[in-house]
Amino acid sequence: PAWAKAFAAHKNLREVRLPQNGIRPEGIKQLAEGLAQCPALESLDLQDNTATESGTRAISAALPAWPHLESLNLSDLLLSPKGGISLATALEKGNNPRLHTLKLQFGEIDARALHILAKAIREHLSALTCLELNGNRADPEDACIEEIRDALASHGHEDALDEREYGVGFVEGLADWVSQWMRWRNRKPTKMRMQVPVRRTRKRHRCRQKRTTRTSTSGSPFPFGFN
């Protein structure tokens, strides 16, 4: 809440970067509401926090307040499928014509949102030269991705879309690897038995006799009193 109030009080902010701050959906919502009071905002970076549907809807609601927005980084933010739809629908309204960089990697966005995004690019985002969509719920051969490529090409930005080596298959494979690693990490420790060859030695009993010297009462060096 404090940061949201601070942003609202500084209406001339142009760049805000808050990546990897552990911000939860409620915090994202409050930040978006505060930043909605900054019409001069040009760059917003919230990468690697947690927005989910509620936080993404708040960002979508604030987009019309940023007509000068040029760069928007919402990668690794868990936008959610419905949140992706609300974001794409907001971009489709054409309130951010200067947007040239849009990063939406690993946001759980599905084909429904990507179809809307393709239409938004074709009709309103002619300045878009960098679009990152890795790790969402679509493959490079899907129709929605082809539509996005065509929309970018219509503005002469055929190379704007990032290389999508990391599609759904990669995410599923990564999740499987993480699951296996967690099972290995939480496994119960097993006792290892090692057979060590025992060398048997034969005990030798030694009888130790105490040597005693008796002396005669007469002081003779011969025992038993013999002289």
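Numbers for residues simply follow the sequence, beginning at 1.
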- Got a donor-acceptor contact below 3.5 angstrom from the Asp110 side chain to the Arg112 backbone? yes
- Message: Looking at every non-hydrogen atom in both residues, tell me the closest pair between Ala138 and Cys144 and how far apart they are.
- Response: CB-SG, 4.1 Å
- Message: With side-chain contact (heavy atoms from CB on, under 4.5 Å) as the criterion, how do Leu87 and Leu74 come out once you've worked through the C-alpha distance, each side chain's angles and the decisive distance to 0.1 Å?
- Response: CA-CA 10 Å; Leu87 183 67; Leu74 302 179; 3.9 Å; yes
- Task: Verify side-chain contact (heavy atoms from CB on, under 4.5 Å) between Leu102 and Leu133, making sure each step is shown before the conclusion.
- Result: CA-CA 9 Å; Leu102 180 59; Leu133 294 174; over 6 Å; no
- Spacing of His68 atom NE2 and Cys38 atom SG [to the nearest 0.5 Å]: 12.0 Å
- Message: Within this structure, what is the CG-CG distance for the pair Asp142 and Asn136, rounded to the nearest 0.5 Å?
- Response: 11.5 Å
- Message: With a 4.5 Å cut-off on side-chain heavy atoms, are Leu44 and Trp66 touching?
- Response: yes
- Query: Quick one: are Lys82 and Arg57 in side-chain contact, heavy atoms under 4.5 Å?
  - Reply: yes
- Working to the nearest 0.5 Å, report the span between OG of Ser43 and CG of Leu13. 11.5 Å
- Task: Compare every heavy atom of Ala65 with every heavy atom of Ala36, then report the nearest pair and how far apart it is.
- Result: O-CB, 3.4 Å
- Message: I'd like to know if the side chain of Thr101 reaches the main chain of Ser71, judged simply by a donor and an acceptor atom lying under 3.5 Å from each other, with no hydrogens or angles considered.
- Response: no
- Query: Between Asn96 (side chain) and Leu63 (backbone), is there a donor-acceptor pair under 3.5 Å?
  - Reply: yes
- At their closest point, which heavy atom of Pro64 faces which heavy atom of Ser60, and how far apart are they? CD-O, 3.5 Å
- Query: Distance from Ile145 atom CD1 to Asp150 atom CG, nearest 0.5 Å?
  - Reply: 11.5 Å
- Query: More than 12 heavy atoms of other residues, nucleotides or ligands under 6.0 Å from CG of Asp159: is that the case?
  - Reply: no
- Task: Answer yes if Leu78 and Phe106 sit in the same cluster of Ile, Leu, Val, Met, Phe, Trp and Tyr residues linked by side chain heavy atoms under 4.5 Å apart, and no otherwise.
- Result: no
- Message: For the backbone of Leu77 and the side chain of Asn49, can you confirm whether one donor and one acceptor N or O come within less than 3.5 Å of each other?
- Response: no
- Does Glu158 reach the side chain of Arg149, with side-chain heavy atoms less than 4.5 Å apart? no
- Message: Give me the atom names and distance for the closest heavy-atom approach of Pro67 to Pro97.
- Response: O-CD, 4.0 Å
- Query: Okay, side chain of Thr56, backbone of Leu79: is any donor-acceptor separation there less than 3.5 Å?
  - Reply: yes
- Any link between Leu128 and Ile116 through a network of hydrophobic side chains (Ile, Leu, Val, Met, Phe, Trp, Tyr) touching at under 4.5 Å? no
- Can you find a side-chain donor-acceptor pair between Glu147 and His115 that sits under 3.5 Å? yes
- Query: Under the side chain to side chain contact (heavy atoms under 4.5 Å, CB included) test, which residues partner Asp45, sequence neighbours left out?
  - Reply: Arg17, Pro19, Gln47, Asn73
- Going from CG on Asn21 to OG1 on Thr50, what distance comes out if it is rounded to the nearest 0.5 angstrom? 11.5 Å
- Item | Glu92/Lys119 ion pair, N-O < 4.0 Å | yes
- Item | Non-hydrogen side-chain atoms of Ile109 and Ile85 separated by less than 4.5 Å | no
- Measuring from Ile28:CD1 to Leu46:CG, what's the distance to the nearest 0.5 Å? 5.0 Å
- Message: Quick one, Asn134 and Asp162 - any side-chain contact, counting heavy atoms below 4.5 Å?
- Response: yes
- Search all heavy atoms of Gln105 against all heavy atoms of Ser75 and return the closest pair with its distance. N-OG, 2.9 Å
